[in-house]
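Worksheet for the structure shown next.
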Amino acid sequence: MLETTDLTVRFGGHVAVNAVSCAFAPGTLTAIVGPNGAGKTTYFNLISGQIKATAGRVKLNGVDISQQGAPARAQAGLGRAFQLTNLFPNLTVRENVRLAVQARAGAGLNLWKIWSDRKDLVVRADEVLETVALADKGDQLAASLPHGDQRKLEVGILMALEPQVFMFDEPTAGMSVDEVPVILNLIRQLKADKTKTILLVEHKMDVVRELSDRIIVLHNGELVADGDPATVIASPVVQQAYLGINPEEKEEVAA
Amino acid sequence: QSGGEIRIAHVYSKTGPLEAYGKQTQVGLMMGLNYATGGTMMVGGKKIVVIEKDDQGKPDLGKSLLAAAYADDKADLAIGPTSSGVALAMLPVAEEYQKILLVEPAVADSITGDKWNKYIFRTGRNSSQDAISNAVALDKAGTTIATLAQDYAFGRDGVKAFKDAVKTAKIVHEEYLPTSTTDFTAGAQRLIDKLKDQPGRKVIFIIWAGAGNPFKIADLDLKRYGIEIATGGNILPAMAAYKNFPGMEGATYYYFGIPKNPVNEAMVAQHYTQFKSPPDFFTAGGFSSAMAVVTALKKTNGDAKAATLIKTMEGMSFETPKGTMTFRKEDHQAMQSMYHFKIKVDPAFAWGVPELVREIKPSEMNVPIRNKK
Amino acid sequence: MSLFKDMDWKPMALVPLLALAALPAVGSPSTWLTLTVAGLAMGMIVFIIASGLTLVFGLMDVLNFGHGVFIALGAFVATTVLGSMNAFTTADSLWTNLLALLPAMLVAMAVAGALGLVFERFIIRPVYGMHLKQILITMGGMIIGEEMIKVIWGPEQIPLPLPEGLRGSLLIGDAAVEKYRIVAVLVGAAVFAAMVWTLNRTKVGLLIRAGVQDREMVESLGYRIRRLFVGVFVAGSALAGLGGVMWGLYQQNVVPQMGAQVNVLIFIVIIIGGLGSTLGALIGALLVGLMANYTGFLVPKVALFSNIALMVTILLWRPQGVYPVTSR
Amino acid sequence: MSEALLKLEGVHTHIGAYHILHGVDLVVPKGELTMLLGRNGAGKTTTLRTIMGLWHASQGRITLAGQDITARQTHEIATSGVAYVPESMGIFSDLSVRENMLLAARGARTLDDIDTTRLEWIFGLFPAMKKFWNHPAGKLSGGQKQMLAVSRAIVEPRQLLLIDEPSKGLAPAIIQNMIAAFRELKAAQTTILLVEQNFNFAKQLGDTVAVMDDGRVVHSGSMAELAADESLQSKLLGLSLGAHQ
Amino acid sequence: MLQRLLSKDLPRSPWLAALLVLLFLGLAFAPFLFPGVKALNVAAKILIFVALVASFDLLLGYTGIVSFAHTMFFGIGAYGVAIALSSVEEASFGTILLGVVCALLVSTLLSLLIGLFSLRVRAIFFAMITLAVASAFLTLASQLSDFTGGEDGLTFSVPELLSPGFELSEEPLALPWGEVNLNGKLLTYYLIFASVCAIFLTLLRIVNSPFGRVLQAIRENDFRAEALGYRTVVYRTLSNVLSALFATLAGCLLALWLRYNGPDTSLSFEIMLDILLIVVIGGMGTLYGALIGSVLFVLAQSYLQDLLRVAGEATAGVPLLPALLTPDRWLLWLGLLFVLSVYYFPTGIVGRLRERAVLARLKGMK
Ligand SMILES: Nc1ncnc2c1ncn2[C@@H]1O[C@H](COP(=O)(O)OP(=O)(O)OP(=O)(O)O)[C@@H](O)[C@H]1O
Ligand SMILES: Nc1ncnc2c1ncn2[C@@H]1O[C@H](COP(=O)(O)OP(=O)(O)OP(=O)(O)O)[C@@H](O)[C@H]1O
Ligand SMILES: CC(C)C[C@H](N)C(=O)O
Ligand SMILES: [Mg+2]
Ligand SMILES: [Mg+2]
């Protein structure tokens with residue numbers, strides 16, 4: 001169980017996330033939607049420890065982790081994929097994933113073993129590459145991948161971490177239409193597992209509608225709506241502030 | 001021994017921070033060998049071969065170059081180096097290979113002091129000689145002296161020797177500044193504060209070599225308190241700054257216009273024909289070392305074995321541009337004259353001209369013997 | 001414009017604060033005045049020699065370890081120029097003396113700037129954006145430059161006497177202020193004003209900062225970033241040349257190694273300043289100048305480490321320097 | 001179809017040892033909006049970068065308004081009236097939003113020189129730009145950066161816009177605004193070449209379309225035609241449309 | 001076996017492999033292949049630089065940290081041995097060990113301190129802080145003259161077994177191309193050779209361990225590494241400490257070889273630059289580069305002047321050239337070497353050779 005209480009962060013005068021209290025249960029996928037700049041990514045950053053909260057608390061399984069840094073939270077089971085692709089550019093695709101597997105196995109401080117002797121880690125990395133359809137690109141440098149493949153690798157790294165809480169920040173942005181299902185299937189499988197807590201930031205409403213068990217809406221840093229997908233999407237905040245639809249003309253845009 | 005040759009290695013700062021000094025020594029050495037052998041470069045029927053080695057001012061390099069010179073190049077004896085640090089590192093090598101090292105122009109006292117071994121001779125003056133001669137020049141009743149020196153061994157040893165030699169004048173303050181000092185205002189203030197209320201003649205004695213320009217303290221208008229500056233001699237480019245201090249007194253190791261003897265006349269003439277300029281400080285040193293070597297070899301009739309040479313050179317006197325020098329038996333330091341000077345400004349020269357006040361003979365300087373024996 | 005709006009005054013207050021804090025420690029007001037004025041003027045000279053590097057490092061993000069060679073070059077050029085102007089430098093009139101400095105400065109700047117052009121083309125251009133290689137290649141350039149100076153001017157130290165009228169001090173009560181330092185303050189102030197104006201009143205500063213982050217994008221916006229970079233580098237080198245003249249005249253002699261000798265000092269100054277802030281560099285330089293004199297007077301041993309201690313203290317307070325310009 | 005403003009004929013591009021474009025033929029008609037579609041890695045971004053002169057074509061010819069620009073340098077291409085929004089957005093993160101815009105407005109020496117009505121128009125499209133005017137651009141949210149990147153390209157009138165995936169990361173309401181903006185620009189005779197993954201977005205805007213695969217253009221024609229033909233869509237783009245529409 | 005010894009990090013290029021074997025054999029038999037004091041000194045210096053540069057590459061090439069304080073640790077090692085040996089009457093191996101251990105302790109403390117204090121600041125600040133700390137340390141070493149011998153440094157003797165006076169055989173070994181003295185100096189050379197091999201292989205193992213891989217990840221993107229759960233401060237500090245310790249060991253070897261140490265010998269900024277250049281010539285992030293780079297650089301540095309003497313004589317009479325080609329201006333050419341190596345070896349020699357091997361393989365596949 002992941003829980004935030006009055007989580008707040010202020011940048012100078014600007015309150016990017018304002019007293020957001022919310023709990024996320026294992027086995028559910030919660031979509032977080034809101035206009036650009038609503039504070040979704042910042043909310044993620046606060047949870048995973050990339051930035052320090054001005055006020056409020058984050059608890060994981062009842063333990064207060066607010067004072068811990070990003071590495072400790074990652075070890076505690078918070079996994080994060082980034083909105084703007086964030087890889088190890090001059091390492092190979094396989095090594096990008098293997099490093100995540102190695103982090104998961106806690107083997108990083110071993111100074112004396114030869115890395116390739118940990119066959120289990122290598123094998124596991126290849127499995128993950130298979131699941132994100134990058135198996136044939138394992139030996140390329142991450143930097144030379146086209147944008148869409150980089151997004152897939154970003155997701156692959158998260159998968160390799162096998163966290164308890166998965167945080168996806170627009171995983172399919174810039175991914176070509178035929179590749180999107182690969183990622184969506186992955187997320188579906190995670191859901192099917194029933195033990196993982198999944199948070200998803202996504203602007204494509206059809207994806208949100210299809211995958212989520214619950215939607216929360218952030219607007220100007222505040223939590224303004226929370227509930228089951230159909231109700232929330234139909235609510236006036238979402239319709240106007242987010243989708244930009246006037247009640248009269250009902251045309252849907254996002255793919 | 002390689003046939004009819006006497007191989008001399010000259011290890012010096014051909015490059016590096018002391019490049020300009022090292023080159024003077026080399027010029028002087030070659031001129032001296034030429035002069036001493038009457039242009040034949042032969043002594044005792046053997047040809048003199050000079051092998052140049054560049055220590056770049058690095059002690060470790062100097063050390064290995066000297067070893068290579070003795071072992072690989074089969075040098076019979078070595079001369080050099082420019083820097084005292086390099087010299088100190090080289091001393092044990094001479095002992096290991098049991099060959100002579102004639103130190104020139106490195107000045108540190110410890111070379112002929114506690115780091116000395118019997119293979120070491122030195123034609124160059126040591127710090128004590130420098131300091132003592134300056135003390136002799138300045139040491140008058142009623143004079144108050146404060147010293148300004150670089151804060152490391154060279155400066156501190158110099159001041160110590162100076163203090164030991166001063167008998168009648170009063171020393172009120174010792175100012176040590178880091179070698180890297182660029183702004184001397186703070187030090188000057190402290191010196192002024194210490195001196196300004198003293199009676200009589202007030203002198204700041206400066207011991208400084210290398211980067212930084214301590215004479216800038218004069219810009220703080222020391223005259224208003226009647227404070228004078230004194231320092232030893234230096235190479236000609238550095239003595240350009242002396243132009244601002246007409247009447248300044250001190251004692252120097254060498255200035256081409258001062259010694260009157262045939263050797264010096266020959267060197268000055270030769271230098272003018274070859275370079276259209278007068279010889280400098282270290283040219284004289286290099287020349288002296290050549291004179292020492294050739295004099296000794298003449299006596300041994302070309303036998304360059306260390307044991308023979310040591311026996312010959314201990315107590316040996318030889319002629320140099322600075323007059324007669326003598327290797328003292330105890331520590332192999334060459335005893336030599338120093339010159340008490342007073343600066344005169346002459347527009348014909350780019351530097352302040354040191355005029356001889358009087359020659360300070362070796363006998364007037366009680367240069368301590370510092371090697372443990 | 002933006003310079004004075006929401007200005008951050010704290011770093012500027014450091015300079016007077018340091019001076020005031022030193023007053024009781026030094027004791028005598030006249031000594032304090034001498035030290036303070038000398039320190040501030042020294043700071044100005046240091047600012048002049050560091051100003052070019054602020055441009056090159058702060059704007060272009062080029063770690064130019066060879067900056068010193070331009071300083072040395074400027075100084076050597078000055079020996080040649082002033083050497084040929086004996087009549088002016090030894091004249092009785094202060095104005096004639098000052099007039100001699102002008103061509104020396106201009107020629108030094110021109111020569112250093114010209115060398116900067118060559119340097120940019122052959123040394124810097126292949127390594128934009130690669131700090132480590134910049135360090136190496138510019139050190140290489142510095143070594144070559146220093147050796148060339150030895151080839152041209154010889155390895156010896158060359159005297160660079162001050163013109164007659166600038167020697168000695170002005171007396172304010174019991175405190176002595178060297179005349180030359182007053183000249184330095186004026187030159188430094190002019191350099192500062194010129195830099196602030198160019199960087200804040202024109203687009204040049206913005207463009208270069210943008211170019212460092214994303215060269216391709218600046219070109220895609222239609223700017224000839226390359227020419228701009230060359231221009232800045234040449235300006236930085238010319239400033240170093242000017243700095244060399246000032247520094248050489250201060251020392252009254254020049255040696256080929258003088259550039260290398262000031263390298264660490266100027267890096268400390270621009271780090272304190274925040275890597276690229278002109279005002280920051282000025283404050284850094286003034287602090288360094290003052291600190292050297294106060295510690296030199298109070299505890300000379302510590303003076304050796306005063307710059308480093310100052311830098312560390314400042315970085316503890318503001319880890320990016322007093323005026324962080326960029327977040328590289 | 002009107003005359004071509006931009007034309008690529010048999011363009012090949014190499015990146016290092018890799019051969020990426022294998023003879024791209026592309027015509028962008030003047031005053032129209034051309035969509036460039038294709039899967040990940042098809043070479044769309046590389047095509048735009050080659051047009052901009054950021055990669056150099058190893059073979060083939062690129063003409064802009066009748067002039068050969070194949071060998072021109074990037075800044076020359078830009079000054080001949082081309083604006084480019086790269087895939088990675090190319091935001092100057094250390095500069096403020098204002099400074100980013102000022103640089104994009106090539107003609108302006110200071111802010112006062114920027115056409116205020118145009119600025120207001122941009123603020124209307126992307127209110128966040130106004131709100132964060134003096135903020136460092138690096139601190140903007142992902143979507144806001146995207147808005148800034150597009151704003152920079154349209155702050156002054158240009159004859160040709162090259163835009164790489166502008167809709168990614170944008171909230172639906174903003175996408176609406178952007179569509180409106182492109183329509184207005186088109187009305188003002190601006191030619192646009194747009195790379196897009198979002199087919200719905202593409203469908204609403206495009207006049208003509210080109211589809212790339214493996215470094216070549218494999219289909220080109222009118223947008224209406226492609227939009228109507230679902231089997232062609234799934235063949236070219238791999239759209240399994242039922243899956244998530 | 002060899003595979004494991006090299007931690008499965010093979011040269012991956014036939015030319016590179018051949019070159020490495022050649023250099024290894026050359027160094028292993030240097031005293032017999034190239035008799036003479038100077039040649040032996042050069043070979044020993046190469047060995048010491050291999051260890052020093054390899055330890056620096058752990059920091060720079062693998063972790064992506066630019067530090068100018070590496071010579072400080074080198075100096076600590078050299079001073080450790082020097083001070084220990086010069087403070088006793090009779091030099092023994094125990095004394096050396098004591099010096100080494102003390103030096104390692106000091107280095108550990110100091111590198112921990114530097115690491116913890118300043119690894120959080122921006123890379124460039126770290127570089128500058130280390131530059132400042134290193135120069136402060138140099139000043140300190142020359143100030144504490146009672147302890148360190150000040151500017152003049154310390155000259156000391158080593159245990160009988162390692163000193164030149166210790167003869168293995170009366171007669172030098174006569175080879176057709178020269179004579180080899182079988183003495184303590186030779187033993188010292190092989191002591192250094194063995195130590196450097198051990199240091200090199202240990203470092204090779206470390207960079208190929210899971211830990212080493214994390215260091216590379218941190219170099220590429222520290223922010224991302226943190227998000228994966230790696231505490232970058234811990235890794236960076238550890239890398240800092242390890243690299244300092246190996247540099248210290250290299251310093252100890254230097255002191256043993258020279259039987260002298262002073263501030264310029266082990267602490268100067270010049271050595272720091274040499275290290276940087278060697279890393280770049282050899283290839284950053286490949287330890288083999290340390291070997292190749294050291295050989296090339298030290299050879300160039302040691303024989304450039306001789307080469308120039310020949311060149312200068314050959315061009316005598318040509319205007320200007322002799323002024324540039326004199327041995328006095330050897331630094332000019334060394335500076336040129338700096339510039340050219342950055343130009344022509346952007347990925348270092350090892351990188352170059354490996355690229356060639358990859359290209360050849362690609363061609364073979366087609
Ligand atoms: N480090 C920071 N400093 C200052 N402001 C910040 C910082 N990080 C984020 N902000 C501001 O906080 C707000 C929320 O940003 P955030 O990235 O969380 O938005 P978002 O909801 O993820 O938007 P998008 O959908 O565009 O990605 C934005 O207005 C942004 O400018
Ligand atoms: N710097 C590079 N080095 C090597 N290969 C590269 C590089 N950049 C791109 N590529 C390769 O070029 C091909 C085309 O890439 P490009 O970025 O043009 O695709 P794209 O169509 O824009 O894809 P996406 O929709 O994912 O952005 C890809 O196979 C990619 O791996
Ligand atoms: C000293 C430099 C190599 C540091 C550089 N600014 C970096 O971030 O990598
Ligand atoms: Mg976001
Ligand atoms: Mg693309």
Side-chain angles (χ1 to χ4, degrees), chain C residues 57 61 63 65-66 69 119 122-127 130-152 155 256 260 263-265 267-268 270-272 274-275 301 303-312 315-316 318-321 324 326-328, chain E residues 60-61 64-66 68 117-118 120-129 131-140 142-143 269-270 272-281 284 320 322-326 328-348:
Chain C
F57 191 14
D61 193 27
L63 273 171
F65 272 61
V69 82
F119 211 79
F122 292 102
I123 306 275
I124 308 287
R125 195 169 292 175
V127 294
M130 298 178 272
H131 280 129
L132 190 65
K133 299 203 166 155
Q134 286 166 3
I135 294 175
L136 279 176
I137 204 167
T138 54
M139 280 306 305
M142 168 115 165
I143 294 173
I144 296 177
E146 204 175 298
E147 293 296 299
M148 288 309 290
I149 287 180
K150 289 185 196 163
V151 170
I152 298 171
N263 244 354
V264 174
L265 175 70
F267 269 106
I268 288 181
I270 64 170
I271 286 205
I272 291 179
L275 302 184
K301 270 276 183 215
L304 262 180
F305 305 98
S306 72
N307 289 341
I308 289 161
L310 185 69
M311 176 176 86
V312 172
L315 288 183
L316 284 179
R318 293 207 168 167
Q320 316 261 295
T326 60
S327 48
R328 264 195 302 281
Chain E
L60 178 70
I65 297 176
V66 180
F68 287 113
F117 257 113
S118 42
R120 292 157 198 268
V121 300
R122 279 161 49 187
I124 180 79
F125 279 98
F126 181 77
M128 292 301 153
I129 290 174
L131 179 62
V133 170
S135 75
F137 191 84
L138 175 69
T139 316
L140 198 69
S142 29
Q143 283 289 307
F269 184 64
E270 209 177 300
M272 194 61 237
L273 277 179
D274 295 348
I275 299 176
L276 278 170
L277 183 65
I278 295 175
V279 172
V280 168
I281 296 181
M284 260 200 272
L320 193 63
L324 298 177
L325 284 173
T326 79
D328 300 5
R329 294 283 76 84
W330 71 281
L331 266 174
L332 178 78
W333 300 95
L334 193 75
L336 210 60
L337 183 70
F338 270 64
V339 174
L340 293 181
S341 60
V342 174
Y343 259 83
Y344 292 106
F345 295 108
T347 52

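Note that these values count all heavy atoms, side chains included, but never hydrogens, waters or copies made by symmetry. The sequence lines fix the lettering, A, B, ..., with proteins before strands; numbering per chain opens at 1.
Using a 30° and 60° split on the angle between ring planes, E:F269 and C:F65 fall in the parallel class, below 30°.
For the pair C:V151/E:L324, a side-chain contact is recorded, criterion being any heavy-atom separation below 4.5 Å from C-beta on. Residues C:M311 and E:I129 meet the side-chain proximity criterion, which asks for heavy atoms closer than 4.5 Å. Between C:I308 and E:S135, some side-chain heavy-atom pair lies under the 4.5 Å cut-off. For the pair C:I135 and E:F338, the minimum side-chain heavy-atom distance is 4.5 Å or more.
Listed options E:S341, E:A136, E:A323 were ranked by heavy-atom pairs under 4.5 angstrom with chain C; first place goes to E:A136.
With a 4.5 Å cut-off on non-hydrogen atoms, C:V127 touches chain E through its side chain but not through its backbone. Using a 4.5 Å cut-off between heavy atoms, E:F137 makes no contact with chain C at all. With a 4.5 angstrom heavy-atom cutoff, E:L337 does not touch chain C via any of its atoms. Both the backbone and the side chain of E:L140 have a heavy atom closer than 4.5 Å to some heavy atom of chain C.
To the nearest 0.5 Å, atom CE of residue C:M139 and atom CG of residue E:D274 are 10.0 Å apart.
Of the possible donor and acceptor atoms, one in the side chain of E:Y343 sits under 3.5 Å from a partner among the backbone N and O of C:F122.
The salt bridge (charged side-chain N to carboxylate O under 4.0 Å, His left out) check on C:E147 picks up C:K150, E:R329, with sequence neighbours excluded.
Here the closest non-hydrogen pair linking E:T347 and C:K133 is N-NZ, 4.5 Å.
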